[in-house]
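Single-structure report; data block below.
Chain identifiers are assigned alphabetically (A, B, ...) following the order of the sequence lines, protein sequences preceding nucleic acid strands; residue numbering begins at 1 within each chain. Predicted model, so just to flag it, every value in this text is computed and none were measured.
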Amino acid sequence: MADFNIDSAFIPALHKPAALLPIAKHRESLLYVVETYPVTIVIGQTGSGKTTQIPQFLERAGWCSDGKIIGVTQPRRVAATTVALRVAEEVGCEVGKEVGYSIRFEDVTSAATRVKFMTDGLLIREALVDPLLSRYSVIMVDEAHERSTSTDILLGLLKKIRRKRPDLRLIISSATLQAEEFLSFFTQPTEETAPPGAGGEEKHETAKIVSLEGRTYPIDILHLESPAEHYVEKAVETVFDIHSQEGDGDILVFLTGREEIDHAVQEIAERAAQAGSRYGAIQPLPLYAGLSTEQQMYVFDKAPKGTRKVICSTNIAEASVTIDGIVYVVDCGFVKLRAYNPTTGIETLTAAPVSKASASQRAGRAGRTRPGKCFRLYTQQAFEALPEANPPELQRSNLGPVVLQLKALGIDNVVRFDFLSPPPAELMSKALELLYSLGALDDYAKLTRPLGFRMAELAVEPMMAKTLLSAPSFDCLGEMLTIAAMTSLGGSVWFHHDGEQKQMESSRRKFAAEEGDHLTLLNAYTAFVTTGRKEARFCRENNLNFKSMTRAVSIRSQLKRYLERFNIFVDESPASRQPAAEADQGRKAERIRRCLTSGYFAHAARMQADGTYRNVEGGTVLQAHPSSLMFNRKADWVIFHEVMETGEKTFIRDVTKIEKGWLLELAPGFYKVTDSRTS
DNA sequence: CTCATCCAT
């Protein structure tokens with residue numbers, strides 16, 4: 001009995017009893033506010049229990065007694081499912097009964113469901129069918145401070161719906177002090193409701209802020225005395241300072257991207273090897289979304305006894321992934337942000353200083369299980385100068401999908417939609433132009449019938465939606481469904497372990513199509529579902545990401561069902577899948593390339609003598625991304641799925657060869673007369 | 001010779 005250990009003798013409870021959560025003592029006042037005010041803004045730190053407890057309070061207080069239900073939205077799928085599981089456990093029911101969740105491809109609800117967790121994007125789609133969201137008595141929008149595109153649109157919609165449904169209660173939950181912004185948004189009358197002068201009295205009765213204290217441990221925050229020149233080097237140094245001078249506990253290092261992370265991990269491993277066993281072992285691990293699920297799982301494994309885990313991560317560990325046992329956080333002070341340039345139509349991905357909100361969220365990751373420390377690799381003055389929050393996504397995105405969705409929701413005047421933060425006019429007009437050129441909007445900027453309405457209903461971006469809806473006329477619908485599903489995976493199709501890049505390249509060559517990436521993706525998918533029998537083994541043998549391929553199967557069948565609703569049917573009879581003669585295959589490939597051109601004509605480029613591409617305006621130098629089959633291959637005209645500027649270079653991804661004449665033929669409005677300079 | 005993070009009956 002000498003080695004009796006109290007830690008292994010007791011198993012810690014999975015969850016704290018709800019009554020111990022700080023929120024419990026706010027129950028009465030919270031219910032009073034929800035009863036009295038149409039909109040409640042809840043400020044609650046992580047650990048306050050707001051997400052799990054508030055829906056239960058409401059349900060027990062009778063908010064579902066008239067057959068209506070309580071909806072809780074999350075910006076992420078994992079959050080929607082895990083919170084639902086946890087609340088079901090607390091309530092003591094099976095998930096899908098009284099407590100359920102609904103995300104794309106997974107509806108775990110039933111007639112008995114009274115509390116429903118879901119992604120905010122899904123609730124927007126529900127509004128297409130039920131514009132007043134009449135099933136719900138209360139809608140809680142969680143993590144609203146993240147200001148994702150779908151959260152922002154949802155808030156605008158809910159404000160509009162509330163006017164027609166005074167009985168509807170809204171709860172907006174936010175982790176930071178941005179609550180005032182939500183308050184003024186919901187108390188400000190919209191132009192439609194308020195004649196000038198009215199509405200002042202309403203201001204006091206519409207919305208109210210409620211603050212809940214969190215239950216995290218204290219965190220010491222330390223800043224640098226003078227700025228660091230190279231934050232990656234400084235981060236590595238800081239890791240070793242912690243390792244040699246601080247007590248035990250794992251370290252989480254925030255960096256901006258894959259390159260920095262791989263470098264830091266390698267550096268830490270090398271230095272640890274040099275230092276020998278003076279301070280105990282150290283285990284550096286990378287974490288970013290581009291890793292396979294399997295590689296990501298390592299960060300959750302407990303390090304061997306006496307070994308300190310150091311996780312070098314992107315922003316994924318700021319809110320999406322939570323790792324237990326982190327006591328020290330090292331914050332480099334930067335984050336990669338995406339922005340869309342409406343003049344060039346090109347997205348950029350660049351490192352920018354984090355916001356104060358992000359910095360405190362990062363620090364908070366140190367205090368989840370016991371008191372922690374956060375080392376910021378910037379000065380106190382630099383911190384003070386940081387913006388409160390980053391600009392919301394809606395103000396720096398391609399708004400094509402947003403405009404399409406708003407129009408489908410019956411909001412014709414999208415410019416006057418009540419945005420929490422209106423996007424710049426240039427983004428709006430660029431989106432309208434694109435949708436007009438695709439034929440989704442008419443001369444009066446109204447959604448066309450049937451094309452525009454159908455495009456809005458398909459869950460793919462506008463250019464692909466147009467391509468898909470053109471596919472029957474090119475007799476390649478089955479193939480296009482596959483290509484749409486594969487491109488929407490966003491580059492996670494191919495997969496390789498460290499140092500096996502060569503092997504992956506040769507695997508990919510087996511599926512390679514001379515015409516480019518789209519047909520290569522089609523070949524890979526076809527092989528997966530036929531000879532591969534949708535099995536994981538086939539993926540392992542061919543360096544394909546099994547999870548992604550399985551998802552492609554789901555997306556494809558969902559898109560197929562949509563089209564069937566429009567009375568567009570795909571011939572998938574065995575006869576249609578017979579391998580065709582070579583000449584037929586060539587003709588089929590050409591039909592597919594023409595069809596792609598009918599949707600992606602605005603994404604056309606021509607190769608120059610030096611191997612780079614120029615877009616149609618001629619101003620921008622584009623390069624095939626190294627992950628593209630067209631990297632280092634000759635072409636003339638091409639279309640591409642995506643363009644992104646990172647650092648010095650502007651890359652195009654998913655590239656397919658076309659012929660110049662097709663542009664004029666398939667997009668005569670966009671490419672008017674032959675320009676002698678480009679011919 | 002390479003890309004932050006999410007989401008959609």
When we call it a touch if two heavy atoms are under 4.0 Å apart, what does [X] touch: a base, just sugar-phosphate, or nothing?
| X | result |
| --- | --- |
| A:T314 | sugar-phosphate |
| A:T119 | sugar-phosphate |
| A:I316 | sugar-phosphate |
| A:R561 | nothing |
| A:R104 | base |
| A:R77 | sugar-phosphate |

Output the rounded distance in Å from [atom1] ([X]) to [atom2] ([N]).
| X | N | atom1 | atom2 | result |
| --- | --- | --- | --- | --- |
| A:F651 | B:dA4 | CZ | C1' | 16 Å |
| A:E146 | B:dC7 | CD | P | 11 Å |
| A:N398 | B:dC7 | CG | C1' | 15 Å |
| A:Y340 | B:dC3 | OH | P | 20 Å |
| A:F631 | B:dC3 | CZ | C1' | 14 Å |
| A:L563 | B:dA8 | CG | P | 19 Å |
| A:D120 | B:dT5 | CG | C1' | 14 Å |
| A:E648 | B:dT2 | CD | P | 12 Å |

Which nucleotide in the list [options] gets nearest to the side chain of [X]?
| X | options | result |
| --- | --- | --- |
| A:L349 | B:dC6, B:dA4, B:dT2 | B:dA4 |
| A:Y288 | B:dC3, B:dA8, B:dT5 | B:dT5 |
| A:R258 | B:dA8, B:dT2, B:dA4 | B:dA4 |
| A:K336 | B:dT5, B:dA8, B:dC3 | B:dC3 |

Parallel, tilted or perpendicular for A:F417 and A:F419, by the 30°/60° rule?
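Aromatic pair A:F417/A:F419 classed perpendicular.
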Assign the ring pair A:F334 / A:Y231 to parallel, tilted or perpendicular, where the plane angle (0 to 90°) is split at 30° and 60°.
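Parallel: the ring planes of A:F334 and A:Y231 meet at under 30°.
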Have A:S174 and A:Q178 got a donor and an acceptor in their side chains that come within less than 3.5 Å?
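A:S174 vs A:Q178: no donor-acceptor pair found between side chains.
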Take a 6.0 Å sphere around [atom1] of [X] and say whether it holds more than 12 heavy atoms from other residues, nucleotides or ligands.
| X | atom1 | result |
| --- | --- | --- |
| A:E233 | CD | yes |
| A:K356 | NZ | yes |
| A:Y298 | OH | no |

A:N632 vs A:R396, nearer the 5' end of DNA chain B by closest nucleotide:
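Result of the comparison: A:N632.
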Assuming nearest nucleotide by heavy-atom distance, tell me which of A:L337 and A:V460 is located more 5' along DNA chain B.
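Here A:L337 is the residue nearer the 5' end.
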Could you tell me whether the side chain of A:R76 has a donor or acceptor atom within less than 3.5 Å of a complementary atom in the base of B:dC7?
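It does not, because no donor-acceptor pair links the side chain of A:R76 to the base of B:dC7 below 3.5 Å.
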